[in-house]
2 protein chains.
Amino acid sequence: MIEILRQHIVGRLGNDLDNLDTVLNCFKTVTIDRNQFLVQEGEVCKYVYFIVKGCLQVFVYDDEMNETTRDIVIEGTWCSELISFGSGKPATENIRTVEHSELLAIDRQGFQKMMETVPQFNKVYKQILETSYANSVYRINTFVALSALDRIKWLMEFRPKLMTRVSSKLIASYLGINKDVFSRLKAKL
Amino acid sequence: MIEILRQHIVGRLGNDLDNLDTVLNCFKTVTIDRNQFLVQEGEVCKYVYFIVKGCLQVFVYDDEMNETTRDIVIEGTWCSELISFGSGKPATENIRTVEHSELLAIDRQGFQKMMETVPQFNKVYKQILETSYANSVYRINTFVALSALDRIKWLMEFRPKLMTRVSSKLIASYLGINKDVFSRLKAKL
DNA sequence: ATAAAACATAGACTTTTGTCATCATTCAAC
DNA sequence: GTTGAATGATGACAAAAGTCTATGTTTTAT
C-alpha cells in the first residue's frame with residue numbers, strides 16, 4: 001500500500017530522495033468502511049490523508065441538514081481539511097468515505113518530521129495548499145455562472161468517472177443542483 | 001500612504017519588527033484611474049498589491065465575454081493573482097480597478113527580500129495564501145446551494161458596504177445572478 | 001436469500017430565474 | 001455645465017430549476 005504513495009511521490013519530486021523510507025514510515029494505514037466520518041465540523045482535523053483506494057466526500061450541512069459537497073476525491077490524491085490541519089482550529093467541513101477505502105494518514109508531528117527529514121518535502125504543504133486553492137478558484141469561476149445543464153456537461157468532460165462511480169444524489173450535491181433536475185437533464189444528453 | 005501598510009503589518013505581526021522600514025521600501029506606490037487592468041488573463045501577474053484606497057474586481061470572462069466576478073476587494077486588504085505570482089505561470093483571472101485607487105505593489109524580488117529581511121515575513125505568503133484559500137472554500141460552500149435571494153441577504157449581512165459602493169451590475173456578477181433579477185429581488189427586501 | 005432501505009426516474013405542477021424592451025435617472029467625459 | 005453613455009428599475013413573458021408524488025429498481029444489512 002505504501003508503494004502506491006512511494007510512486008506518487010517519486011513521480012512528483014523525483015527519484016533522488018534520501019530518507020524516503022523514513023518519511024513513508026510516518027504514515028499509518030487506515031482501512032475504513034463506507035459512510036464513515038474522517039473529519040467533522042467543529043472538531044480539529046488531525047491528519048492529511050493520501051487515498052490509496054476509495055473515495056471521499058468533502059461537504060457542509062446547511063440549516064436543514066442538506067449536504068453541499070465541495071469536493072469528491074478519489075485514489076491517487078491528497079485530502080484533508082487543510083485550514084484546520086494547519087492551524088489547529090476547528091474544521092468547517094466534514095469529510096466522509098463514500099466507499100470502503102484504504103488511506104494513508106499522517107499527523108502534524110509526522111508532517112513536521114517529514115519536512116525536516118526530506119528537504120524537498122518542505123514544499124509539499126505549500127504545494128498541496130496551492131493546488132487546493134487553485135482548484136477552489138477554478139471551481140468558483142467555472143460554476144457560479146453555469147446553468148445546471150452546463151455543469152453536468154462540465155462534469156462529463158472533466159470528471160467523467162464520477163458519473164458512473166458515485167450516486168446521482170452525491171453528484172447533484174456536488175454540482176449544486178436538485179437531484180431530480182439532475183436525473184431529468186442527464187436523460188436529455 | 002506607507003503608514004497605512006505599516007499599521008496593517010504591526011497590527012498583525014506585532015510592534016517588535018526589526019528592519020520594517022527596509023521592507024516597506026520594497027513597495028512602490030501606484031496611483032491609478034478606474035477601469036484599469038492590473039492583471040490580464042494569459043499574462044504573468046508580477047505584483048502583490050496592498051490596497052490603501054479604492055476597490056478592485058477579480059474576474060474571468062466566459063465565451064460570450066460576460067464577466068464572472070470571484071472577488072471584490074477594498075482598502076486594507078491584499079490582492080493578487082496568487083497562483084500566477086507564485087509560480088510565474090500565466091494568470092487565469094483578470095484584476096481591474098473599480099474606482100480610482102491607491103495601491104502599494106511589491107514584486108517577486110521584493111517579496112523574497114522581505115522574507116529574508118524580516119523573519120516573521122516568512123509566513124506572510126503562506127498567510128495570504130491560507131486566507132485566500134479559506135475565503136474560496138467559504139464562498140463555494142456558501143454560494144453553491146443558495147438561491148438568488150439568499151445570496152443577496154448574505155451580501156447585506158457580510159459585505160453591506162458593497163451594496164452602496166459598487167454598481168448593481170458588478171454585484172450581480174459577484175453573486176452569480178442576473179442584474180435584472182438582482183434589481184427586482186433587492187426591491188422586495 | 002430476503003426484507004428493508006436507499007436510489008433513480010418520470011409526470012404534473014409551482015416557483016424561481018432569465019430575457020427583452022422601455023423609460024427615467026445618474027454619472028462621467030468633454 | 002452639457003451631452004451622451006451607462007445604469008437602474010419595472011412589466012410581460014419565456015425558460016429553467018425546484019417540489020412532490022408515485023413507481024420500479026438496486027443495494028445493503030442481516
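Reminder, nothing fancy here: chain letters follow the sequence lines and each chain counts from 1. Quick caveat: nothing in here was measured; it's all calculated off a predicted structure.
- Under a 4.0 Å N-O distance rule, the pair B/Arg165/B/Glu99 qualifies as a salt bridge.
- One interatomic measurement links the two molecules: CG of A/Leu146 to P of D/dA17, which rounds to 10 Å at whole-angstrom precision.
- In terms of position on DNA chain D, the residue among A/Asp180 and A/Ala148 whose nearest nucleotide sits closer to the 5' end is A/Ala148.
- Minimum atom distance to the side chain of A/Ile177 is reached by D/dG18, of the listed D/dA17, D/dA9, D/dG18.
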Just the table, please: protein N/O against nucleotides 3-7 of chain D N/O, every pair under 3.5 Å.
residue, atom, partner, partner atom, Å
D/dT7, OP2, B/Lys169, NZ, 3.3

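- In this structure, a donor-acceptor pair under 3.5 Å is absent between the side chains of B/Tyr125 and A/Lys126.
- Using the six-membered ring where Trp is involved, A/Tyr61 and A/Phe59 have ring planes that are perpendicular, over 60° apart on the 30 and 60° scheme.
- Nucleotides of DNA chain C lying under 4.0 Å from heavy atoms of chain B occupy a range whose first and last members, 5' to 3', are C/dT17 to C/dC20.
- With B/Thr97 contributing its side chain and B/Asn35 its backbone, the two residues share a donor-acceptor pair below 3.5 Å.
- Of the charged side-chain nitrogens involved, at least one lies within less than 4.0 Å of a carboxylate oxygen, so that B/Glu3 and B/Arg6 count as a salt-bridged pair.
- Within 6.0 Å of the CG atom in A/Asp33, the count of heavy atoms belonging to other residues, nucleotides or ligands exceeds 12.
- Other residues, nucleotides and ligands contribute at most 12 non-hydrogen atoms within 6.0 Å of the NZ atom of B/Lys179.
- Checking A/Glu81 against A/Thr92 by side-chain atom types alone, a donor-acceptor pair falls below 3.5 Å.
- Note on A/Lys179: nothing from the nucleic acid sits closer than 4.0 angstrom, heavy atoms only.
- D/dT28 atom P lies 10 Å from atom CD of A/Glu99, rounded to whole Å.
- Below the 3.5 angstrom threshold, one finds a donor paired with an acceptor across the side chain of A/Arg184 and the base of D/dG18.
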